[in-house]
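Numbers for residues simply follow the sequence, beginning at 1.
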Amino acid sequence: MNLPNLANKTVFVEYLVNGIVNLYFYRDVNNYMYLIEKDGRIYELAKKGNNNNEKSSFRHIGILKAIFSDCNEMEEEINKVNLNHKSLIAITNRYHDCVCSDTACVFYKKTAPKTRIRVAPVVMGGVGELHFDKGIFSNYQFDKTYFPSAGMLFSLSFPYWNEKLSFEVEADFSKLNNHGSYKDVASFQTDYYDIYLDFWAFQPSIGLKYTFSQNKIKPTLTLAPCMSYIFSSSQKVVKRTVKDISDTTYESEETPLASNFFGISIQAGCEYQLNNNKAMFTNLRVYRTVLKEAGVSTLFNSVSIGIGMYISNDN
């Protein structure tokens with residue numbers, strides 16, 4: 001098909017409705033547009049201008065009113081049309097029902113699936129810092145810890161109702177090695193404290209994701225509450241006391257490390273459509289513990305970068 005503004009360039013378009021009025025969808029790397037054909041003439045439906053130019057932004061409304069002018073009863077419905085599959089398919093079918101209700105003049109109609117489930121393995125690398133908020137353990141200054149993570153992501157969306165919102169369930173495993181220390185200087189002795197907290201964390205989360213574009217490159221934003229369950233932990237506190245003529249060391253395995261803690265993550269990412277009907281993604285995640293316990297609370301904050309690829313077809 002030759003586009004109205006690119007008469008010498010032939011492109012491939014997707015049929016959405018094939019009838020007495022045809023509806024098409026065209027997308028390249030940077031842009032997308034809808035095309036509607038009536039009586040052999042093709043019209044482009046796309047927002048023009050910016051948000052400050054309302055007449056220009058909703059130019060497609062005027063084009064649809066002109067194309068569907070032989071069905072005056074549709075005018076109010078046309079005023080509410082948005083530039084997405086669901087809205088344009090609905091108004092095109094409504095026009096067919098209006099002008100030829102007694103014949104089958106829609107030969108093909110693409111319908112978006114009501115639900116779509118996608119699965120993706122995810123690998124991540126991050127940097128985090130642990131600390132305690134009360135008591136003697138709040139004196140420890142913890143080093144930043146660099147950790148790997150791996151898990152699975154399950155994405156559930158409802159394209160028939162909304163193409164931009166989806167739910168994501170993710171389950172990750174992370175290995176964290178934490179070290180903190182502090183020094184207590186008194187008149188006749190100096191105490192050196194070191195704490196070692198090594199553990200695995202299982203981190204399930206349920207998030208709401210918003211996709212900003214339906215192009216091949218799709219920026220995304222996800223907000224997700226998540227838990228961290230601690231297991232296979234190794235905990236040790238080493239106290240070294242130095243006096244004038246003595247140097248003693250004491251070890252203990254008693255720490256206030258919580259068995260689980262609750263936090264919120266905000267994730268900015270980008271999804272990339274591949275040529276083989278697959279999609280991969282990258283995410284930048286910021287996590288922060290938000291729920292404190294009655295006693296000494298375990299607080300962990302982190303930033304991580306992840307990459308994954310959907311192993312189910314992106315359709």
Side-chain angles (χ1 to χ4, degrees), residues 14 16-17 23 25-34 45-47 50-51 57-58 60-61 77 79-94 109-122 124 151-172 203-227 262-274 277-288 290 304-315:
E14 178 185 4
L16 300 181
V17 177
L23 180 65
F25 178 67
Y26 169 72
R27 177 171 59 189
D28 61 17
V29 175
N30 300 313
N31 302 292
Y32 74 93
M33 71 177 69
Y34 292 90
L45 302 178
K47 283 189 178 181
N50 52 50
N51 293 333
S57 296
F58 295 93
H60 66 283
I61 298 294
E77 298 172 64
N79 288 332
K80 302 176 183 178
V81 171
N82 295 313
L83 286 176
N84 58 54
H85 280 36
K86 180 181 177 182
S87 184
L88 288 171
I89 289 174
I91 198 66
T92 305
N93 290 331
R94 175 71 178 87
K109 176 179 68 175
K110 178 173 179 175
T111 57
K114 290 189 176 181
T115 59
R116 181 175 62 174
I117 299 175
R118 298 189 294 173
V119 181
V122 183
M124 287 182 289
M152 293 294 294
L153 172 69
F154 302 87
S155 174
L156 174 64
S157 60
F158 305 93
Y160 185 82
W161 290 280
N162 193 306
E163 297 176 332
K164 294 188 175 183
L165 288 177
S166 60
F167 295 96
E168 290 195 338
V169 178
E170 187 169 346
D172 302 317
Q203 299 164 308
S205 64
I206 301 177
L208 181 63
K209 175 181 175 181
Y210 184 83
T211 302
F212 289 91
S213 169
Q214 295 302 312
N215 298 330
K216 287 189 175 182
I217 300 177
K218 308 174 185 179
T220 62
L221 185 66
T222 306
L223 178 66
C226 49
M227 290 292 296
F262 177 81
I264 293 288
S265 70
I266 299 177
Q267 191 166 268
C270 206
E271 186 175 314
Y272 312 92
Q273 190 73 36
L274 304 179
N277 205 30
K278 303 286 186 179
M280 66 176 296
F281 56 88
T282 55
N283 293 316
L284 175 66
R285 176 189 296 178
V286 178
Y287 169 85
R288 186 176 182 86
V290 295
S304 58
I305 297 176
I307 185 171
M309 182 174 182
Y310 293 107
I311 56 178
S312 53
N313 287 338
D314 187 39
N315 50 36

Worksheet entry | Student check: side-chain heavy atoms of C270 and I217 closer than 4.5 Å | yes

Item to complete: List the atom of L221, the atom of F212, and the distance in Å for their closest heavy-atom pair.
Response: CB-CE1, 3.8 Å

Worksheet entry | Crowding at CG, L284 (>12 non-hydrogen neighbours, <6.0 Å) | yes

Worksheet item: S166 and S157: which non-hydrogen atoms are nearest, and at how many Å?
Response: CB-CB, 3.6 Å

Practice prompt. Specify the closest pair of heavy atoms between L88 and T92, including all atoms of both residues, with the distance to one decimal.
Written response: O-OG1, 2.7 Å

Worksheet item: Hey, are the side chains of S265 and R285 touching, using non-hydrogen atoms and a 4.5 Å cut-off?
Response: yes

Item to complete: Would you please test T220 and Y210 for side-chain contact (heavy atoms from CB on, under 4.5 Å) and show each step?
Response: CA-CA 6 Å; T220 62; Y210 184 83; over 6 Å; no

Worksheet item: Does the side chain of L274 come within less than 4.5 Å of M309's, by heavy atoms?
Response: yes

Item to complete: Check whether any side-chain heavy atom of L45 lies under 4.5 Å from a side-chain heavy atom of L83, and answer yes or no.
Response: yes

Item to complete: Give the ring-plane orientation class for F281 versus Y310, where under 30° counts as parallel, over 60° as perpendicular and anything between as tilted.
Response: tilted

Worksheet item: Nearest heavy-atom pair of P225 and I206: which atoms, and what distance?
Response: CD-O, 3.0 Å

Fill in: Lys/Arg N to Asp/Glu carboxylate O, K209 vs E170, below 4.0 Å
no

Worksheet entry | Smallest separation among heavy atoms of I89 and L23, with atom names | N-CD2, 3.8 Å

Fill in: Closest non-hydrogen atom pair between I311 and K278, with its separation
O-NZ, 3.3 Å

Worksheet item: Relative to each other, are the rings of F158 and F167 parallel, tilted or perpendicular (30° and 60° limits)?
Response: perpendicular

Item to complete: Rounded to the nearest 0.5 Å, what's the gap from CD on E271 to CG on N283? Could you check?
Response: 9.5 Å

Worksheet entry | Heavy-atom side-chain contact between T282 and I305 under 4.5 Å | no

Worksheet item: Got a donor-acceptor contact below 3.5 angstrom from the S87 side chain to the V81 backbone?
Response: no

Discussion item. Can you tell me how far apart OH (Y287) and CD (Q267) are? Round to the nearest 0.5 Å.
Written reply: 13.5 Å

